[in-house]
Structure formats: C-alpha cells, structure tokens
> 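I'd like to ask you about the structure that follows.
Quick note on labels: first sequence line is chain A, next is B, and so on, each numbered from 1.
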Amino acid sequence: MTDIVRIKNNETVKLAQIPRLPFDSFLEQLAPLMGTGNDVLACFIANSPKEQISGDFEMITLIGCRDTKDIAVFRCTLPASYPSLTNRWPQFHLFEREMAEQFGVIPEGHPWLKPVRFHQVWQGDKDVWGRDPKKHPLVGDMDYFQVEGDEIHEVGVGPVHAGVIEPGHFRFQCFGEKVLNLEISLGFQHRDIERLVIGGPHPATGCQMETIAGDTSVGHMLAYSQVMEALGEHKVGRECRDLRIIGLELERLANHVGDFGALAADIGYLPTASYCGRIRGDYLNMTAMICGSRFGRGLVRPGGSLFSIDPDLRSKLKDFLSLTTRYTKGALDLFFKEPSVLGRLEGTGIVKQEDAKALGLTGMAGRACGLDTDSRRNYPSAFAEDEHPLLCGEDGDVFARAYVRRLDVDSATEIIHGKLDKLTSEPAMQEVSPPRADMLAVSMVEGWRGRVTHIALTNEQGKFSRYKVIDPSFFNWSGLAMALRNEQISDFPLCNKSFNLSYCGFDL
Amino acid sequence: MFSIFRERFRQGYRTNPFPKKEPVLSERFRGLPQLNQAKCKSGCHDCEKCCPTGAISRQGDKMVLDLGRCLFCADCKGCPHGAVTFSTDYRLAVNNRDDLHYGGETLALAKALEKKTLALFGRSLKLRQVSAGGCNACEADVNVLGTLVFDLGRFGIQFVASPRHADGLLVTGPVSENMRAALLTTWEATPAPKIVIASGACAITGGPFINSPEINNGLDDILPVDLYVPGCPPSPYTILDGLLRILDKRG
C-alpha cells in the first residue's frame, strides 16, 4: 500500500507526487480515515471540463484529518459508473450529485441522486437524468420527495421570495402545520464560475472570486489569493496577514449583526431589529474606510493588499469600533435578556449533533451543535500563529446558532482590536510569481458562515486546468432542511435566518 | 421595559438627513471615474486587453469608459497608463444605456419620469426586487435602504412582496439562464404602467460574469429599462439618488 500524501492548509503538492490509485485501492485507503470525525473537504472530477475524456475519469478527494491537523490528498481513477460512497459516508452526498451533473458519472445506489445546479453536462452527451444533453435543462425540473396521505399538503415557495433576497425553491411536505420534510432545490444563481476560471487566471478572475458570494467577498478572495500565493511560492508578511484578518473579521461582524436584526424582525422584536440593521452598516462602513468598498472589494489581492492603515486611520477605526461595539452590546443585551425572544429561539429548529456530523456541517452551524468545526483550529495553515478558542453551543437550535454568533461577534471585535494595535508599518503589495505548473493547491479560510475552500489544479503551462470552490453553504443547506423536520412551517423564516445561507455561493 | 427605553435613548436618532444634506462617504470611496484624456495616446489599445470587463476602449481620438461595465476596481488595470482614477461622486444613475458611455464630460444624470407616470408614482412607488444571478452584495445594499438610516418609506418608496402590488421591478444580477423565466413571469405579473430599474453592473451588462454562457449579459435584451444604476455593487446613496431623480425629488 502506498503512503498517503498529506499537506497543510495553504500548501501545494505536485500532481505527479499523488499516486493515481485504482478506485478499489482508494476505498481501502479512505475507509480508515472516515468515521473519526474527519471532514470530506472536497471530492471532484479533476479532468479539465474543456478536454475530451476517453475512458475513466480522474477523481480527487481531500480529507481533512483532525488528529494530524492536515489534509490527506487522494487521486483515483473513476469509472463512468461506480458504487456510491454516500451510503457509507453521507458527507459525499452532494459531491457525488455534483460530479454526476458535471461529468455524467453515475454513483450507483445513491439515495438522493438529483441535479444540483441545473446546467448541461460539461463533458460528452450523457445526461444522468435522461434529459436532452444538447438543451439547457429546465431549472427545478426534478422528482421531488413527496409524502402521500389524505391530510398531507405541499407548500412550494420561490424562486422569487417575498423579500429582497436571492432566489431558491423550497418544498414543504406538511401535515397540518407540521413540516414532515423540506426539500431545497437551488441553481437559480448559477453563473458557471468554475468553468469561467479554466485556462486562467484571466483578468476577470479576481473580480469573479470577489463575487462568488458578495457577503463573503473577503473570505473567498482571501482563499483565492492564498491559492495563488501557494502556487507562486510567495509568502506575505505578518502585517499583511493581519490587515486581511481585520477585513475578514469585519465581514464576520457585519453579517452576524445584520442577521441578529433579521432574527429580531422575524420574532417581531423591533428594538434589536432596527438597531442591528443600522449597526451592520457601521461595520460595512469600517470596511469602506479601509478599502473604499463596503464589501471589502480590493482589500485582498494575491501578493498582499491594495490598501494600508496609517496611524490616523488606525485611531479612527479603533474609536469607531469601540463606539459601535457599545451599540452592538446594547442591542444584543436587549435581545438575549427578553424572555419572549428566548422563548422563540429555544428548542426551535434543532439539528441533532449526529446529523450535523454526518452531513459535515461547517462553521457556526456546526459549532451550534457542539462540534468543533472551526477550520482555523482544525486545519491551521503552515504560517498560522493565532490561537482560536473553541466557541460552541450545545443544542443545535436557533438559540444555539444565535448564541454562537454572539460569541463570534465578541471574538471578532477582540481580534480586530488586537490586530490594529499591532499594525506598525504599511503592508505592501508584492508581485507574485506566476503559478507553477502541474500542481495542486488548497486554501481554507474560516469565513463568517464557515469553511471556505478553494482548490486549484494547474496544467503544464501553469494555467488552471480545474478550479474548485466550496462555499460553507454547500454543506449547510442540508442542515437547514434537517432543522425543519417536525417543526412548524411558521418557524421556517426564523430557522432560515439563523443559518442565513448563501444561494450564489452554493450555485457558483 | 425600562431597559428598552433606556437603550432607545442611548442608540439615538439615526436617520440620515439625505437628500437635504450630502452624505459623508469614505475618503477611499470609488465613485464617478475621472478620465485623463491627455494620457490616452493614439495607436494604444492596451485598455482593450486589460480591463477585466472590457469597460474601456479608445473610440476615435478619445477614451470612452462604459460605466455599465465598470466594476470600479481598486486596482483599475483598465488603462495601464493610469488615465483612469476615481472621484468620490456617488451620483451615477442615468435613464439611457447610451448615457453610460462616458468620456469625461458631465454625466447625463437620470431625469424625472414622464408627466403621466410621475403623476401616478411620484408620491407612492412600490417596487418588487428580483435577484437574477446576483452575488447578494447588490441585494444587501438595496436592503439597507429599508433601515432607519435611509428610511426609504419617507420618500413614498417601498419594496413589496408581490409583483401584483408593484409599480415596477428593481433587478439585480446578470440574469442567469436559470432565472430568466422567473424574471419574465414576475414582470408579466406586474400591472402596467410599470418601470424597470437595472441596479448594478451585472444587471446592466453581466458585470464580472460578462459573456458567461450561463448568463444573459444583463437586462437589455430582456426588458425595457427606465433607470440604470452603475456600480459593483452601487452604493445605497447611488441607488437612492437615482430613485429620487426619477421621482423628481432631487431638483
């Protein structure tokens, strides 16, 4: 048996160094790594979508190993039809559906084989669902899970929802008010990002990375930049890493605080709803003070940052942050001390810890179930120097998710103050060498929702032959579906806001 | 109860006096581009290769920037000779697509709706927002208009849940192929007369995703547009300024 190739976060490995295993040997090596709380970080077909494939496909699987805090990298041949991994390890369920949709490979015996984003097959003319491979499929056209019975009714919602919000389709199977099953069908926001990047980096690649999910611009751009830096063997200085972390934590603050406002609005608790809507804007404006954009556009670039924080701006930021922290605390104290609010949060939308583990829930949603799903703790990069305490809840309900968010708000504020205090000289932007040829690079960033993973494969010219993006929402939408089981349908908005998942981050 | 009142007092009155007072934006905010035509030399077509969305081109003897494509990148590589810089002027919304082809002259900012439509919508404009492939940044900064900072309701403008209650659509996103049908259905469900607002580079031209096979490069070939709001994403003030202009409240 060959040794397993292991790398750290933000590292590369030569493709030639990863042994190309037959599928059966891959399973043999994989089995001992599963079932110990490890994460399936990624599983995808590594062939370039632009090359004609004859014969077997090549699959790359990355398993995050908790005990060694590193990533096991597997490469194996994948026949056009293979026994599904999902039945043994449910974390593979969406990856297998994605591979089926993109390349037409069939995971035999997959319990829930449905399209993910509703696009034409990337390769050849084999559509797994028997649709015309020459035509664009109809979005949402699939077999939905249905509960039968005289008193069962179905509620369909979306793609166009009632608020100013992204599109997605939800189908509830209800018995009276009780939801027996919620099925979520997405793909409406699909822009084909993974294929647009092929052959790149192109001039537009950076802008596309910042708009994979606009509320996680810094998270995704940071992951992309770290991939580029790993491929170009470039190490950014501590100053620059600190500046980027300030951007990442401001993004965390803005989103969490905004979501507190949304939760409060759904409960009908207006003080926190109106304060948090405004305070979220204050955090966004702090990001704009640094880089001119409320969403952190331009704050991160491969090789550094386009902006710096001079002493004057630093003291302005510190003052504004202290002031905003006081307002945040006031708004959140009201929220968490109000019995009628707590009554709505506690025991609503529970995700059981075993389900969270099986589905690989990441970030805040996983920590709310008592799991340690902070990638900064689990998969520190080669240059990480900060310690991150475990901030987690217990019960996996809406309260736990709100509680974990509050812990995150406090920790993010502390991190920013610490980083601002340490900033001394101006972080510079340095040229990064072009990506090295025939490499695989991985970067994981703990964004506000959870683990943002980017993986790049380069060809012999050092261009991207495959680029894989995994937003935390990819895993966590399944968590929302589980949270609704046996819950009142009227609790859907509250459960939904407690996760606040990204449609476009999932749809790519 | 007492703590709620105390907190209300502490949080203070926060509604921005806009449009009576101009907003205070970050000094680093990137608004209306400034073009230094002197730096644009004849025979140089570098911009056509460099700008990620192809927003800049040399037409005749001068440089033209398509604000509908511009992403206002902090490291604008559009002109490698540095002919493009950004001012902090947030007012960018126009009525016609052609007005976005900007050569450095005064921008033809949006005008009020025609008299008959203005009589109908001037004091009450209900909009249905449709996200059609947007990254959620445009949506977020539209949503912000509903907070007490902007308090959109005081201008008679409101985002409503149903297209049947709406006087128009505000569309964000490049119109992904998978949202095209839903967008058209929403449009058909909106009673006439109705207006359409394209908010953000994506909705105008496809933005960062321009020419992706899975998108429709914005609204232009799909719906008649009454107001174009450039930006990636547009600042909430840019959107609000545009909305107030078509309602003749910015004179």
> How close do B/Leu243 and B/Leu227 get, counting heavy atoms only, and between which atoms?
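Taking B/Leu243 first and B/Leu227 second, the nearest heavy atoms are N-CD2, 4.1 Å.
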
> Is there a side-chain contact between B/Phe29 and B/Asp89 in this structure, where contact means two heavy atoms from C-beta onward sitting under 4.5 Å apart?
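Contact flag for B/Phe29/B/Asp89 side chains = no.
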
> Taking the side chain from A/Arg191 and the backbone from A/Ile212, do they hold a donor-acceptor pair closer than 3.5 Å?
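Indeed, once roles are kept as given, a pair shorter than 3.5 Å links the two residues.
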
> Got A/Leu501 and A/Phe506 here, is their nearest side-chain heavy-atom distance under 4.5 Å?
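Result no, sub-4.5 Å side-chain heavy-atom pair not found.
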
> Counting only heavy atoms closer than 4.5 Å, note whether A/Ala331 contacts chain B via side chain, backbone, both or neither.
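Backbone plus side chain of A/Ala331, per the 4.5 Å heavy-atom cut-off to chain B.
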
> Tell me which of these, B/Glu27, B/Arg30, B/Glu139, B/Arg14, has more heavy-atom pairs under 4.5 Å with chain A than the rest.
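Maximum pair count with chain A is reached by B/Arg14.
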
> With heavy-atom distances below 4.5 Å as the criterion, would you say the side chains of A/Tyr503 and A/Phe188 are in contact?
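No, every pair of side-chain atoms sits at 4.5 Å or beyond.
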
> Heavy-atom distance under 4.5 Å to chain B: side chain of A/Arg294, backbone, both or neither?
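A/Arg294 touches chain B through side-chain heavy atoms alone.
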
> What residues of residues 334-341 of chain A sit under 4.5 Å from chain B when only non-hydrogen atoms are counted?
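Near chain B, by residue number: A/Leu334, A/Glu338.
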
> Among A/Ile290, A/Thr216, A/Asp507, A/Leu299, which residue has the highest count of heavy-atom pairs closer than 4.5 Å to chain B?
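Most heavy-atom pairs under 4.5 Å with chain B: A/Ile290.
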
> Among residues 175-192 of chain B, which ones touch chain A with a heavy-atom distance under 4.5 Å?
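Only B/Ser176, B/Glu177, B/Asn178, B/Met179, B/Ala182, B/Thr186 of residues 175-192 of chain B have a heavy atom under 4.5 Å from chain A.
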
> Could you look at A/Leu313 and say if it's the side chain, the backbone, both or neither that has a heavy atom under 4.5 Å from chain B?
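Looking at A/Leu313, just its side chain touches chain B.
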
> I'd like to verify something: which residue of A/Ser502, A/Gly140, A/Gly214, A/Pro137 has the highest number of heavy-atom pairs under 4.5 Å with chain B?
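If we count pairs closer than 4.5 Å to chain B, A/Gly214 comes out on top.
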
> Any residues in residues 148-159 of chain B near chain A, with a heavy-atom distance under 4.5 Å, and which are they?
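When heavy atoms of chain A are the reference, residues 148-159 of chain B contributes B/Leu148, B/Val149, B/Phe159 within the under-4.5 Å range.
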
> By a 4.5 Å heavy-atom criterion (distance strictly below it), what part of A/Lys329 contacts chain B: side chain, backbone, both, or neither?
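Neither part.
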
> Heavy-atom cut-off 4.5 Å, strictly under: side chain, backbone, both or neither for A/Cys276 against chain B?
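Neither part, no heavy atoms under 4.5 Å.
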
> Given heavy-atom pairs under 4.5 angstrom as the criterion, report whether the side chain, backbone, both or neither of A/Ile279 touches chain B.
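The side chain, not the backbone.
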
> Give, as side chain, backbone, both or neither, the part of A/Arg301 having an atom under 4.5 angstrom from any heavy atom of chain B.
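Side chain only.
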
> With a 4.5 angstrom heavy-atom cut-off, which part of A/Asp215 approaches chain B: side chain, backbone, both or neither?
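It is both, since atoms from each part get that close.
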
> Heavy-atom distances under 4.5 Å only: say whether A/His136 touches chain B with side chain, backbone, both or neither.
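Only the side chain of A/His136 comes within 4.5 Å of chain B.
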
> Does A/Trp477 have its ring centroid less than 6.0 Å away from the ring centroid of A/Phe499?
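No, too far apart.
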
> Tell me which of these, B/Cys50, B/Cys135, B/Cys232, B/Cys138, has more heavy-atom pairs under 4.5 Å with chain A than the rest.
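Heavy-atom pair counts peak at B/Cys135.
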
> With a strict 4.5 Å heavy-atom criterion, list every residue of residues 205-216 of chain B that contacts chain A, or say none.
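The list, in residue order, reads B/Pro208, B/Phe209, B/Ser212, B/Pro213, B/Glu214, B/Ile215.
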
> Considering only heavy atoms, which portion of B/Leu71 lies under 4.5 Å from any heavy atom of chain A: side chain, backbone, both, or neither?
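Contact with chain A involves the side chain of B/Leu71 alone.
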
> Quick one: which of B/Thr147, B/Asp141, B/Val142 has the most heavy-atom pairs under 4.5 Å with chain A, could you say?
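Highest number of heavy-atom pairs under 4.5 Å: B/Asp141.
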
> Which region of A/His161, side chain (C-beta onward) or backbone (N, CA, C, O), has a non-hydrogen atom less than 4.5 Å from a non-hydrogen atom of chain B, or is it both or neither?
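Contact with chain B involves the backbone of A/His161 alone.
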
> Given that the side chain runs from C-beta out, which part of A/Phe118 has a heavy atom under 4.5 Å from chain B: side chain, backbone, both or neither?
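Both backbone and side chain of A/Phe118 come within 4.5 Å of chain B.
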
> Picking from B/Arg8, B/Arg10, B/Arg128, B/Arg6, which has the most non-hydrogen pairs under 4.5 angstrom with chain A?
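Top count of heavy-atom pairs under 4.5 Å with chain A: B/Arg128.
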
